[in-house]
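Okay, structure first, notes after.
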Amino acid sequence: MILRVILALLIAVHSSCQEHGAFKVFRVLPTTNQQLLQMIRLFETADTDRADFWHAPSVVNGTVDIMVAPEHTDQFRQYLEKHGYTFQVAIDDLHKLLIEKEGNLSTHSNDDAFFLKRLHDDVGFHSRLRMGEYYSYSVLSTWLERIAENMPDIAKLIKVGTTIEGRDILGLKFGKDTPDKKIVVIDAGIHAREWAAIHTASYFINLIVNGREEDPQIQNYLDNIVLYIIPVLNPDGYEYTRTDKTNPRARMWRKSRSPKACAFDGVRNSCCMGVDLNRNFDFRFSEIGASRYPCSEIYHGPSAFSEPESKAYSQFLTSLKGRLEAYITLHSYSQLWIYSYSHRKFTYAPDIEETRRVAAKAVQELGRMYGTKYRHGTGPEIIYAFSGGSTDWAKETLKIKYSYTIELRPGYEGIIEWNGFVLDKNQLIPTAKETWAGVTVVLDEVTNQWKSSRVRESELSRLRQEKCSDRLPGCAYWLQSSPNICRFSQSTMVRDCAKTCNLCHMIAV
Ligand code: 0X9
Ligand code: ZN
């Protein structure tokens, strides 16, 4: 019933209004359970073109941010009033705000040709990209390529896969790979409009490449772990958000750019492009917090891993199985450090205590820098439930120890100077810096655990060596007359001639 009312309302709104006024962002506060359920229903069924949820409904008295197109704002306001919602207009004219905050980004200083030339010509500086700016995917890709070409000792270019529009999903692999080292993967930009996350991942790359000589901590990571950074997982979507940067419809695109799919929503057949890639992973696919309607911004796609981007990424992560110790995916916004599982409250992996301990420490470190307040917890406990996300899939399938989703600035508690996805440019570098401070907690854990396991290993083998002796007196003679005996009869020789055969390490101490 509620669903039909909402649909009828949206259709009436659509047909009776013309393009006028401004895109607005409403901040709604569901104060009753019924209002919350109504908001959740709207979230799961609404056509992005009309009501685009920036911050999804979670709990009673928890804020919901909704971008509404100009032709629907009056009716949406009436709808909220009619149902007794508490609300305010958080952004009155999004188009104007985008011109103010991001409009100048298309000037010469960010021009592709200019930057590509600079990356080619500027000997010695090919690795340096000015931070605090947004770049096209082609500039970012060329930058990654230049780094790999010029610093083969520390970075290798990796290709995760190819998008539906044919772009390469690129990343860098840092640190010398040896089979015993642990691996950490960091990505960003699975959601196209979350530019602050893409900037943050780029900042990490810049920091490692250009800051490693002054920073022993970075050198320590390069020596002891293998770190992959993939700054834009959804480059088609990202490029789409850049096609018309001050037009909210383009700039606020979230999904991939897969071809149109259609579904009958009870009233009409609607067809739209794109899949929410963070609903397309094979973890309780389509169960909760995801939509089967292609026009929804949380459309999960026709089946798990139906999309080339998520499929390729899952294969890439799977290829690291066994050594992949931490996986961190950067999103915006809400200032949250989230761990598994997302589909149901109080549902955890067996190592939840450790997961929580490191998250708490990371949030504390992050906050130490500028006082930014983060909360940590599982999705349904601190934000909302959903399924089909990358970190849950990674946690369950690959048994990764530390699997985290980080929602960067801004939070959603204040409204002064709050612009949602349009993060003020002067907040970009501080956001990246504080996030790095949090991420280093995870990197330190992985590095230190690996180091101490190596110390333990060498200590054990010393002990074994000390305590190890031959059980039988004829060992030396047997080895002399049959030089391969230790290898060919290994189990017997471990038992009887461990010392002579140099097999002490195989004896449990
Ligand atoms: O909904 C998502 O895919 C993510 N949030 S975002 O606003 N960036 O779209 C992740 C949500 C975090 N996890 C849970 N809610 N469980
Ligand atoms: Zn996101």
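FYI, side chains are in, hydrogens and waters are out, and symmetry mates aren't considered; it's all heavy atoms of this structure. Order of listing sets the numbers, starting from 1, for every ligand and every atom in it.
At a 4.0 Å cut-off, not a single heavy atom of His55 sits close enough to ligand 1 to count as contact. Taking 4.0 Å as the cut-off, Arg279 counts as a neighbour of ligand 1 on heavy-atom distance. Taking a 4.0 Å cut-off on heavy atoms, Gly289 fails to register as neighbouring ligand 1.
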- Might you work through the salt bridge (charged side-chain N to carboxylate O under 4.0 Å, His left out) test for Glu381 and Arg375, ending with a clear yes or no? CA-CA 11 Å; Glu381 285 160 21; Arg375 290 188 299 141; over 6 Å; no
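Residue nearest to atom 12 (C) of ligand 1, selected from Ile298, Leu408, Ile338: Ile338 (by heavy-atom distance).
Pairs passing the ring-ring contact (aromatic ring centres under 6.0 Å, His included) check and including a residue from residues 349-369, sequence neighbours excluded, do not occur.
Of the protein's non-hydrogen atoms, the one nearest atom 8 (N) of ligand 1 is Glu194 OE2, 2.9 Å. Here the protein heavy atom with the shortest distance to atom 16 (N) of ligand 1 is Ser342 OG, 2.9 Å. Nearest protein heavy-atom contact of atom 15 (N) of ligand 1 is Tyr384 O, 2.8 Å. Scanning the protein heavy atoms around atom 4 (C) of ligand 1, the nearest turns out to be Glu407 OE2, 3.3 Å. Nearest non-hydrogen protein atom to atom 9 (O) of ligand 1 is Arg254 NH1, 2.5 Å. For atom 13 (N) of ligand 1, the closest non-hydrogen atom of the protein is Phe386 CE2, 3.2 Å.
With salt bridges taken as basic N to acidic carboxylate O contacts below 4.0 Å, one links Glu71 and Arg249. We find that Asp351 and Lys401 are not joined by a salt bridge, their nearest charged nitrogen and carboxylate oxygen being 4.0 Å or further apart.
For the side-chain contact (heavy atoms from CB on, under 4.5 Å) test, residues two or more places apart in sequence or in another chain that qualify with Arg344 are Thr347. Evaluation of the side chain to side chain donor-acceptor pair (under 3.5 Å) rule for Tyr240 yields no partner, not counting sequence neighbours.
At distances below 3.5 Å, not a single donor-acceptor pair connects side-chain atoms of Asp168 with backbone N or O atoms of Lys159.
A distance below 2.5 Å between sulfur gamma atoms is not met by Cys295 and Cys271.
Judged by a 6.0 Å distance limit and a 45° cone about the ring axis, Arg242 is not positioned over the six-membered ring of Trp253. By the 6.0 Å and 45° rule, Arg356 stacks over the aromatic ring of Tyr348. Taking the ring axis of Trp54 as reference, the NZ or CZ atom of Arg27 does not stay both within 45° of it and closer than 6.0 Å to the ring centre.
Partner Asp236 forms a salt bridge (charged side-chain N to carboxylate O under 4.0 Å, His left out) with one of Arg167, Arg257, Lys255 and no other, that one being Arg167.
Against a heavy-atom cut-off of under 4.0 Å, His331 is close to the following atoms of ligand 1: 4 (C), 8 (N). Contact atoms of ligand 1 toward His191: 2 (C), 3 (O), 8 (N), 9 (O) (distance under 4.0 Å to a heavy atom of the residue).
When heavy-atom distances to ligand 1 are checked against a 4.0 Å cut-off, Ser332 comes that close only through its backbone atoms N, CA, C and O.
By the criterion of a separation under 2.8 Å, the protein N/O/S atoms near the Zn ion (ligand 2) amount to His191 ND1, Glu194 OE1, Glu194 OE2, His331 ND1.
Atom NZ of Lys96 is surrounded by 12 or fewer heavy atoms from other residues, nucleotides or ligands within 6.0 Å.
Here's the thing with Trp54: none of its N/O atoms is less than 3.5 angstrom from an N/O atom of ligand 1.
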